[in-house]
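Here is the naming used below: chain letters follow the sequence lines, and residue numbers restart at 1 for every chain.
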There are 2 protein chains.
Amino acid sequence: MEFNEAKAQFIQTWGKLGSEWGINRTMAQVHAILLISPKAMSAEEIMAELSISRGNANMNIRDLINWNLVHKELVPGDRKEYFTAEKDIWEVARRIIKERKKREMEPVLKVINQLKTIEGDQQSAEIKEFSSMINQLDSFVGKMDKSVNLLLNENENKLFSILFKLMS
Amino acid sequence: MEFNEAKAQFIQTWGKLGSEWGINRTMAQVHAILLISPKAMSAEEIMAELSISRGNANMNIRDLINWNLVHKELVPGDRKEYFTAEKDIWEVARRIIKERKKREMEPVLKVINQLKTIEGDQQSAEIKEFSSMINQLDSFVGKMDKSVNLLLNENENKLFSILFKLMS
DNA sequence: TTAAACTTTCAGTAATTATTGAAAGTTTAT
DNA sequence: ATAAACTTTCAATAATTACTGAAAGTTTAA
């Protein structure tokens, strides 16, 4: 396969995967471009590469920076801003997991905790079923939370060596 | 908190979480209702509970069945179809992971494999960076794939006992 | 068969989400 | 201070995604 075709397919695939996981397709595509770029890129270059407007480029780059996946790079003697992506894919995964945990898991944990005590006839079938599900979720999400913390604190090899033990 | 308020908040939260992860909000809400219902529900009951149309209810219930999270239940002497959700939350998680792996991880693996060999000057900075990223991804996704297979084949306790070892 | 009871489909519409582009804002060099 | 070079914002618009409801399809009982 020719390089330009491969590049286009990579950007396409990364964008599709992002949108399937609730991430703006363009943001994922900007990320893809930066992941495979050997040098820092300016907003202009990103706009040209994806045929998107300045505003769109600016917002998605800002979002990527907020996700801690991309950072600004200053070139001495040049007023433009340049952008580079974290290239270590394990580190990329950790940062995405960390961010989603903070944005989505923690609010859910909070709600579940509020729902653990409800008023009313504790013998009614509805309340019994509801409480049972909330308790299951509380336990499950708590365990997940701990597991994710481990993932975030350990390195790749340690984790996979443990998972390898699980196989045997 | 009163039961009806708690129930509304649970449905709301589950729906929001779903939409943040690329799942139709209504589908997640239908799932939430069934998760906490002590009995199988008819399409009518679901429609009423969420104030949605018959068509919408039908499509989202069908999707939940395709995700293997909900199944039909027949009541003798009644022509209506009733629906129940899998109630074991660990099993729910396994089915969601299994489905997303099939729908999203496997296609990505296929593309990555195609992109491993590209034509052109292998010494150019662009091609070197691209190949390096593809190789990293290939290795990473391969490991994830194996790990997920383990998760799907082991039970909850085994998994968490292993993760617990990781903590020490 | 027939028709009542139910489920599914899908064209039209509504709601949501993403994008544009020009104006406003900021920074830097002189 | 000024203006050139750049970045950010956001109202208007476009694109995408979800929903409705009525018509078509299916199943069952008599």
Report the nucleotide, chosen from [options], that has the shortest atom-to-atom distance to any side-chain atom of [X].
{"X": "A:Glu81", "options": "D:dT8, C:dT7, C:dA18", "answer": "D:dT8"}
{"X": "B:Glu44", "options": "C:dT7, D:dT9, D:dT20", "answer": "C:dT7"}
{"X": "A:Ser53", "options": "C:dG21, C:dT7, D:dT20", "answer": "C:dG21"}
{"X": "B:Asn58", "options": "D:dT8, C:dT7, C:dT19", "answer": "C:dT7"}

Check whether any side-chain heavy atom of B:Lys16 lies under 4.5 Å from a side-chain heavy atom of B:Gln29, and answer yes or no. no

Would you call B:Leu64 and B:Phe83 a side-chain contact if the rule is heavy atoms closer than 4.5 Å? no

Tell me whether the rings of B:Phe10 and A:Phe130 are parallel (<30°), tilted (30 to 60°) or perpendicular (>60°). perpendicular

Just how far, in rounded Å, is [atom2] of [N] from [atom1] of [X]?
{"X": "A:Met27", "N": "C:dA18", "atom1": "CE", "atom2": "P", "value": "11 Å"}
{"X": "B:Glu45", "N": "C:dC6", "atom1": "CD", "atom2": "P", "value": "12 Å"}
{"X": "A:Arg62", "N": "C:dT19", "atom1": "CZ", "atom2": "P", "value": "14 Å"}
{"X": "B:Gln29", "N": "D:dA18", "atom1": "CD", "atom2": "C1'", "value": "12 Å"}
{"X": "B:Asn56", "N": "C:dA14", "atom1": "CG", "atom2": "P", "value": "16 Å"}
{"X": "A:Ile52", "N": "D:dT8", "atom1": "CD1", "atom2": "P", "value": "14 Å"}
{"X": "B:Met47", "N": "D:dT20", "atom1": "CE", "atom2": "C1'", "value": "10 Å"}
{"X": "A:Ile61", "N": "D:dT9", "atom1": "CD1", "atom2": "C1'", "value": "15 Å"}

Set of residues satisfying side chain to side chain donor-acceptor pair (under 3.5 Å) with respect to A:Asp138, sequence neighbours excluded: A:Lys116

Apply the test salt bridge (charged side-chain N to carboxylate O under 4.0 Å, His left out) to residues B:Lys7 and B:Glu2: give CA-CA distance (whole Å), side-chain angles for both, the deciding distance (0.1 Å), then the verdict. CA-CA 9 Å; B:Lys7 179 170 163 183; B:Glu2 199 216 325; over 6 Å; no

Write down the protein N/O and nucleotide N/O pairs, taken from nucleotides 22-30 of chain D, whose separation is under 3.5 Å; answer none if there are no such pairs.
residue : atom : partner : partner atom : Å
D:dT27  : O2   : B:Arg79 : NH2          : 2.6

Just to be sure I understand the rule, does A:Ser19 reach a base, reach only the sugar-phosphate, or reach nothing, if contact means heavy atoms closer than 4.0 Å? nothing

Give one of base, sugar-phosphate or nothing for B:Asn24, where a contact means two heavy atoms less than 4.0 Å apart. sugar-phosphate

Heavy-atom nearest nucleotide on DNA chain C taken for B:Ala43 and for B:Met59; more 5' hit belongs to B:Ala43

Over 12 non-hydrogen atoms of neighbours within 6.0 angstrom of CD in A:Glu106: yes

Checking side chain to side chain donor-acceptor pair (under 3.5 Å) for the pair A:Trp90/B:Gln136: CA distance, chi angles, key distance, verdict? CA-CA 9 Å; A:Trp90 180 251; B:Gln136 269 199 75; over 6 Å; no

